[in-house]
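Below is one structure, written out as structure tokens, with a few remarks after it.
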Amino acid sequence: MPSSGDVTAVVPTLDEEEGIGLVIDELRANGVGRIVVVDGGSRDRTREIASSKGARVVIQEGRGKALAVKTGLRFVETPWVLVIDGDHTYDASYLGAMLSAAEGYDEVIGARLIGRENIPLLNRFGNWVITKTFNILFGTRLSDVCSGMYLVRADVLREVWFEGRGFSVEVEVAAHVASTSRRITEVPVRYRERKGRPKLGRRHGLQIMLDAVRLAWRYNPTVVVFALGSVPLLPGVPILLWVFYEYVFRRVEHFVWAIISLQLVSVGFVSMLLAIVSLYLKRMEYRLTERIEKAVQQRSS
Ligand SMILES: Nc1nc2c(ncn2[C@@H]2O[C@H](COP(=O)(O)OP(=O)(O)OP(=O)(O)O)[C@@H](O)[C@H]2O)c(=O)[nH]1
Ligand SMILES: [Mg+2]
């Protein structure tokens, strides 16, 4: 089991003067001595406060939280990294529980199961959609892939692309682990009310859906294609039912509508089956990868 001495905390910040000091103090109190604050160009006293508290302060390359995590990683020399937001929403005292769970895993997510009411409603909905999509795609049973507090093996985090386009860096890291070693798990953590104003633009419903589709497109494009192919079922089924009803109860025959709806239903139905098959094939691939990973590990230990 790794200890807090094996961990470097990477804290992305953008104008977090109200939270960053508390975050650093709390990390220290929980045994984390190495703290890298990766700043995205704060205009308040964030960097000043972080330096005065003895954290290492670096300026991120590029823009956005994903590149901040990537930058921070360059300053990590320990085997584990704890990524944690700088707004004092995540309670660092749960690190102990995360470390206890870490043996045999590449990533331990701090799932926000305690204090859920502190997650804004739209975010909660977005997290739910993304997490459900994630679980369907990867055959996992996670409850919060969007959490901003997660413990990852440094060498695994170095393999991540950090594209950051579309879905968030948290999801990108989790997807990498879930699609390769699959050694991902979660531990419930407490989520508090945010200090200071939100920095990430609020996502709206359409964007959330788009992110879910992007995620699916990257990891299982065929499922997206066939899911689209099953859309004809939506008009096809009601038309076919109506044609059937008219014929059975009113003795009226609608030949053209019957042919059209049968076409729609058959194309849609086959596509839907293929979408399901794509999902299962992919999951089988993941399960096989998992077995192979385990076997390789057992041999080398
Ligand atoms: N370095 C860097 N940090 C960022 C950037 N955008 C956001 N952050 C930080 O990333 C963390 C998460 O951003 P938040 O604004 O709290 O987003 P959130 O947690 O999804 O939403 P809230 O409910 O408002 O807390 C915070 O510590 C931000 O300061 C960025 O572009 N660069
Ligand atoms: Mg936050």
Side-chain angles (χ1 to χ4, degrees), residues 8-27 32 35-51 53 55-76 81-92 94 109-131 144-150 152 157 160 162-174 189-205 207-208 211:
T8 302
V10 168
V11 191
T13 56
L14 189 58
D15 295 331
E16 301 292 2
E17 63 181 5
E18 288 175 64
I20 190 60
L22 297 169
V23 172
I24 294 172
D25 289 343
E26 200 167 68
L27 283 166
V32 182
I35 302 170
V36 183
V37 171
V38 192
D39 193 66
S42 296
R43 297 201 191 154
D44 63 2
R45 295 175 53 243
T46 301
R47 288 191 298 268
E48 201 180 307
I49 295 167
S51 312
K53 294 258 180 199
R56 181 163 194 173
V57 178
V58 299
I59 306 289
Q60 74 165 93
E61 61 177 88
R63 284 163 129 242
K65 201 174 160 190
L67 291 182
V69 174
K70 187 183 177 190
T71 304
L73 195 50
R74 288 213 299 265
F75 301 90
V76 172
V81 182
L82 177 76
V83 181
I84 183 168
D85 284 358
D87 57 4
H88 199 242
T89 42
Y90 294 87
D91 185 342
Y94 285 85
I109 298 175
R112 291 166 287 181
L113 298 177
I114 311 155
R116 281 193 81 75
E117 64 279 3
N118 294 321
I119 308 176
L121 205 64
L122 186 61
N123 287 22
R124 231 182 294 166
F125 169 71
N127 292 343
W128 182 83
V129 171
I130 303 280
T131 301
D144 186 13
V145 283
C146 302
S147 171
M149 178 179 181
Y150 47 101
V152 205
L157 197 55
V160 176
F162 294 109
E163 247 195 302
R165 266 184 292 158
F167 43 94
S168 58
V169 56
E170 295 78 32
V171 180
E172 178 148 26
V173 173
V189 301
R190 186 163 74 96
Y191 193 72
R192 292 178 291 224
E193 212 175 317
R194 188 190 210 305
K195 295 249 188 275
R197 297 204 10 234
K199 302 302 146 18
L200 295 176
R202 294 281 76 101
R203 322 199 129 210
H204 47 76
Q207 209 179 354
I208 292 164
D211 286 356

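Both counts, for ligands and for their atoms, begin at 1 and track the order of listing. Side-chain atoms are counted along with the backbone in the values below, which use heavy atoms only and exclude waters and symmetry mates.
Formation of a donor-acceptor pair under 3.5 Å by the N118 side chain with backbone atoms of Y191 is found in this model. One N or O on the side chain of R124 and one on the backbone of I119 form a donor-acceptor pair closer than 3.5 Å. Not one N or O on the side chain of Y90 forms a donor-acceptor pair closer than 3.5 Å with the backbone of D85. A side-chain donor-acceptor contact under 3.5 Å links D15 to the backbone of R43. Side chain of E172 to backbone of E163: a donor-acceptor contact under 3.5 angstrom is found. Proximity of a side-chain donor or acceptor of E26 to a complementary backbone N or O of A92 within less than 3.5 Å is detected. A donor-acceptor pair is defined here as one N or O able to donate and one able to accept, closer than 3.5 Å; such a pair exists between the side chain of S147 and the backbone of G110. Under the 3.5 Å distance criterion, the side-chain polar atoms of T46 are matched with a main-chain donor or acceptor of E17.
With a cut-off of 2.8 Å, the protein N/O/S atoms near the Mg ion (ligand 2) add up to 1.
Within the 4.0 Å heavy-atom criterion, neither part of L67 lies near ligand 1.
If you number the atoms of ligand 1 from 1 as listed, the ones under 4.0 Å from a heavy atom of D85 come out as 11 (C), 12 (C), 19 (O), 27 (O). With ligand atoms numbered from 1 in the order given, ligand 1 contributes 10 (O), 11 (C), 12 (C), 30 (C), 31 (O) to contacts under 4.0 Å with heavy atoms of K65. Close approach of ligand 1 to D39 (heavy-atom distance below 4.0 Å) involves ligand atoms 1 (N). Each of the following atoms of ligand 1 lies closer than 4.0 Å to a heavy atom of G40: 1 (N), 2 (C), 32 (N). Per-residue contacts place P198 under 4.0 angstrom from the following atoms of ligand 1 (heavy atoms of the residue considered): 15 (O), 24 (O). The ligand atoms of ligand 1 that sit less than 4.0 angstrom from a heavy atom of A68 are 1 (N), 2 (C).
Dense packing is recorded around CD of E61, with more than 12 heavy atoms of other residues, nucleotides or ligands lying under 6.0 Å away.
The heavy atom nearest to atom 31 (O) of ligand 1, considering only S42, P12, G64, is found in G64.
For the atom pair CG (D39) and CG (L14), the distance works out to 7.0 Å, reported to the nearest 0.5 Å. With rounding to the nearest 0.5 Å, the separation of CG in N123 from CD1 in I208 is 7.5 Å.
Residue L14 places at least one N or O, backbone or side chain, under 3.5 Å from an N or O of ligand 1. Residue contacts with ligand 1: R194 is placed with a nitrogen or oxygen under 3.5 Å of a nitrogen or oxygen of the ligand (distance criterion only). Note: an N/O pair closer than 3.5 Å links E16 and ligand 1 by distance alone. In terms of N/O distances under 3.5 Å, ligand 1 is not approached by P120.
Using a 4.0 Å heavy-atom cutoff, Y90 is absent from the residues neighbouring ligand 1. Look at G148 and you'll find every heavy atom at least 4.0 Å from all atoms of ligand 1.
Pairing each heavy atom of G72 with each of V38, the nearest pair is CA-CG2, 3.6 Å.
Considering H88, E16, E18 in turn, E16 is the only one that fulfils the side chain to side chain donor-acceptor pair (under 3.5 Å) rule with R194.
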